[in-house]
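Index from 1, following the sequence.
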Amino acid sequence: MTGKLLLVEDQTLFRKGLRKMIEDHSLGWTVVGEAENGHEALELLEALQPNLVLTDIRMPGMDGIELAEHIYNKHAQTDVVILTGYDDFKYAQMAIRFGVIDFLLKPCNDRTLMEVLHKAQERLESVLRKREEREADLRMKEEALLRALLLRLPGTRGEEHRLKSWVVGNRLLFVAVKDYFSVNKHYGPNDLGLLQFALFNILTELMQQHQLTGPFISLEFDRFCFIVEDGREANTLGRLMEEAVQSYLGIGLTVSWTPPVTSLNEPPSLYESFILKEASASKRKGSESAFLSSGVASRQRVKELQTQLTGGILLGQPDKLDDQISELVSKIGTLSPEDAKMEALALAFAMNSVAKQQLEQSGETPGFAKQIERLQSLQSEHAAAEWARGEAGKFITGFEGWRLRNNESIISRSLDYLDKHYMETCSLTEMAEMFKVSSTYYSKLFKKVTGDNYSAYLTQIRMQKAVMLLMNTDMKVLEIAASVGYDDPNYFTNVFRLLHKMSPSDYRKQFKR
């Protein structure tokens with residue numbers, strides 16, 4: 001993932017230099033804003049919500065320690081790194097009590113900056129990973145409470161307020177499997193775990209596509225409940241669920257929506273009514289008492305794998321993505337046979353989802369019925385790993401094809417974009433994110449195609465536009481600087497002087513003679 005970084009430094013040239021160093025290296029950070037002092041930074045903090053603030057210690061108005069104290073008290077999720085000179089280092093250490101995670105001695109070079117930002121990136125990833133774990137734990141507890149409510153189990157006393165906030169005013173979508181073991185498919189009792197896994201993820205993906213984030217509760221081995229806001233496309237979603245599961249798995253579903261719930265007394269009765277209605281249609285083969293215990297775990301595992309694969313794609317380097325997937329496949333071979341099959345199917349789900357979301361592949365979900373039959377016939381974890389390797393090979397081939405097609409248009413689209421948006425930030429990191437590649441890869445590709453590095457090319461465009469304005473308008477230099485993308489007119493003048501060996505004002509005078 002890429003973190004958001006706010007730069008706070010009153011020396012313009014040094015601040016711009018820092019930004020360039022960050023954007024020229026793949027450090028895992030995007031500079032989302034710049035401020036000249038602490039007061040400006042406070043305004044940007046509210047608007048940008050950065051993950052990290054890199055701030056100088058000595059600034060007019062509000063220094064770095066005062067800013068760190070404010071962030072500590074008001075923006076606890078934001079980390080701070082302080083830039084300090086050697087003489088101020090002891091003073092800067094006072095900021096440790098305000099949660100400052102590191103210090104960067106001025107002047108700093110690329111290597112020092114990279115080390116500090118790499119540590120900050122590792123810290124951010126650790127924090128986000130722990131947050132996801134906490135959220136997953138909360139979801140499990142939430143689903144356990146809702147399951148207890150629907151099945152009239154003990155354990156909901158004292159939780160009425162929370163249950164009301166989740167249920168009252170919303171609609172319940174009940175889903176029941178008619179028969180896991182259709183006569184048209186060669187499934188058997190040993191396939192039940194894989195079928196449940198596939199079913200759970202297909203339904204979850206449909207919910208995500210419709211931007212429905214409410215709880216998904218596994219009630220029994222063949223019955224589920226979704227809680228959805230009133231007014232959403234209820235009938236359409238139910239029909240899509242039936243069609244998708246029938247198409248991908250050959251399994252029939254019974255789907256039923258309830259009216260909006262008005263009290264906590266209704267959900268158990270609504271579920272019992274649903275059971276009575278669907279009982280005649282369901283053959284209910286399997287363990288009557290089994291819960292879909294792997295549901296939450298499978299959902300979380302697919303999400304984890306999607307995150308890993310997406311990160312590999314954003315690096316823009318096929319070899320690294322190939323190594324990453326090879327490592328995932330190799331780990332499958334170390335699991336028990338049953339766990340290996342589940343992990344292989346999770347990887348297949350994740351690759352399919354990422355291919356659609358990141359690689360813009362329009363193909364439908366693979367034929368999971370055939371995949372499950374193939375997986376279940378495998379006798380060992382090594383065979384499951386080999387099956388996963390074959391699926392991974394298809395994914396890598398698709399990625400390489402997408403990358404080749406994408407590279408052909410990335411730079412031409414970039415040049416067109418810069419010609420229209422040169423007056424905006426247009427940082428290398430932002431451009432790389434726009435085209436879903438790493439900053440390092442984008443920089444190399446840009447230079448290979450154009451012969452210029454990115455920063456130099458953008459500067460040339462801006463200076464060309466500036467020259468046209470100087471020659472053809474009476475705009476002030478301050479206005480011209482702003483109109484071609486420079487917030488600081490002094491910095492604009494310095495860049496212009498380096499390129500044309502004279503100031504913008506002198507250039508205008510020379511032209512008008």
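- Between Val329 and Ala385, the closest heavy-atom pair is CG1-O, 3.3 Å.
- Counting heavy atoms from C-beta outward, Val177 and Leu253 have side chains that approach closer than 4.5 Å.
- Atom CZ of Arg389 is separated from atom CG of Leu347 by 11.0 Å, given to the nearest 0.5 angstrom.
- Applying the side chain to side chain contact (heavy atoms under 4.5 Å, CB included) rule to Asp137 yields the partners Lys141; only residues at least two apart in sequence or on another chain are considered.
- With rounding to the nearest 0.5 angstrom, the CG atom of Asp102 is 10.5 Å from the CD1 atom of Ile82.
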Pair Thr254-Lys178, side-chain contact (heavy atoms from CB on, under 4.5 Å): steps then yes or no: CA-CA 7 Å; Thr254 300; Lys178 292 180 180 178; 3.4 Å; yes
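- You'll find the side chain of Lys331 reaches within 4.5 Å of the side chain of Glu327, heavy atoms only.
- Checking side-chain atoms of Gln49 against main-chain N and O of Glu46 turns up a donor-acceptor pair under 3.5 Å.
- For Leu150, the side chain to side chain contact (heavy atoms under 4.5 Å, CB included) partners two or more places apart in sequence, or in a different chain, are Leu172, Phe174, Ile217, Leu219, Cys225, Pro267, Tyr271.
- Note that the CD1 atom of Ile202 and the CG atom of Asn352 stand 9.5 Å from one another [nearest 0.5 Å].
- With a 4.5 Å cut-off on side-chain heavy atoms, Ile275 and Arg223 count as touching.
- Proximity of Lys74 to Leu45: side-chain heavy atoms (C-beta onward) are nowhere separated by under 4.5 Å.
- Gln379 is not listed as a side-chain neighbour of Pro337, based on a closest heavy-atom distance of 4.5 Å or more.
- A salt bridge links Lys341 with Glu338: the closest approach of a Lys/Arg side-chain nitrogen to an acidic carboxylate oxygen falls below 4.0 angstrom.
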Please report the C-alpha distance between Phe103 and Ile96 in whole Å, then the side-chain angles of each, then the deciding distance to 0.1 Å, and finally whether the side-chain contact (heavy atoms from CB on, under 4.5 Å) criterion is met. CA-CA 10 Å; Phe103 300 92; Ile96 290 176; 3.8 Å; yes
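- No donor-acceptor pair closer than 3.5 Å links the side chain of Asp79 to the backbone N or O of Leu52.
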Carefully, step by step, assess Lys119 and Glu122 under the rule salt bridge (charged side-chain N to carboxylate O under 4.0 Å, His left out). CA-CA 5 Å; Lys119 286 194 292 183; Glu122 288 183 335; over 6 Å; no
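- If you take CD on Glu386 and CG on Leu378, they are separated by 10.0 Å, rounding to the nearest 0.5 Å.
- Smallest separation of non-hydrogen atoms from Lys4 and Leu48: NZ-O, 2.8 Å.
- In this structure, Leu83 CG and Arg15 CZ are separated by 12.0 Å, a value rounded to the nearest 0.5 Å.
- Leu199 is listed as a side-chain neighbour of Phe224, based on a closest heavy-atom distance under 4.5 Å.
- The backbone N or O of Thr156 sits nowhere less than 3.5 Å from a side-chain atom of Glu159 that would complete a donor-acceptor pair.
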Are Lys394 and Glu391 close enough, and set up right, to give a salt bridge (charged side-chain N to carboxylate O under 4.0 Å, His left out), and what steps lead you there? CA-CA 5 Å; Lys394 299 174 189 175; Glu391 296 300 306; 3.2 Å; yes
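- Closest non-hydrogen pair, Glu160 versus Leu264, comes out as O-CD1, 3.7 Å.
- At distances below 3.5 Å, not a single donor-acceptor pair connects side-chain atoms of Trp166 with backbone N or O atoms of Leu146.
- Within the 4.5 Å cutoff, side-chain heavy atoms of Val354 are placed close to those of Gln306.
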Take Asn170 and Val261, measure what side-chain contact (heavy atoms from CB on, under 4.5 Å) needs, and give me the verdict at the end. CA-CA 6 Å; Asn170 293 327; Val261 174; over 6 Å; no
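- Here the closest heavy-atom approach between residue Met59 and residue Gly64 is recorded as CE-N, 3.8 Å.
- Rounding to the nearest 0.5 Å places CG of Leu328 at 11.0 Å from CD of Glu304.
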Derivation of the side-chain contact (heavy atoms from CB on, under 4.5 Å) call for Leu145 and Glu142: CA-CA 5 Å; Leu145 271 174; Glu142 176 183 330; 5.9 Å; no
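- Contact record, Leu309 with Met351: CD1-CG, 3.6 Å, taken as the closest heavy-atom pair.
- The closest side-chain heavy-atom distance from Glu266 to Ser263 is below 4.5 Å.
- When each of Val80, Val100, Leu6, Leu42 is paired with Ile71, the side chain to side chain contact (heavy atoms under 4.5 Å, CB included) condition holds for Val80 and for no other.
- Residue Arg152 comes nearest to Ser269 through the heavy atom pair NH2-OG, 3.3 Å, listed as atom of the first residue, atom of the second, then distance.
- Within 6.0 Å of OH on Tyr72 lie no more than 12 heavy atoms contributed by other residues, nucleotides or ligands.
- A donor-acceptor pair is defined here as one N or O able to donate and one able to accept, closer than 3.5 Å; such a pair exists between the side chain of Glu430 and the backbone of Cys426.
- Between Tyr442 and Phe435, the ring planes lie parallel to each other; the angle is under 30°, not in the 30° to 60° tilted range.
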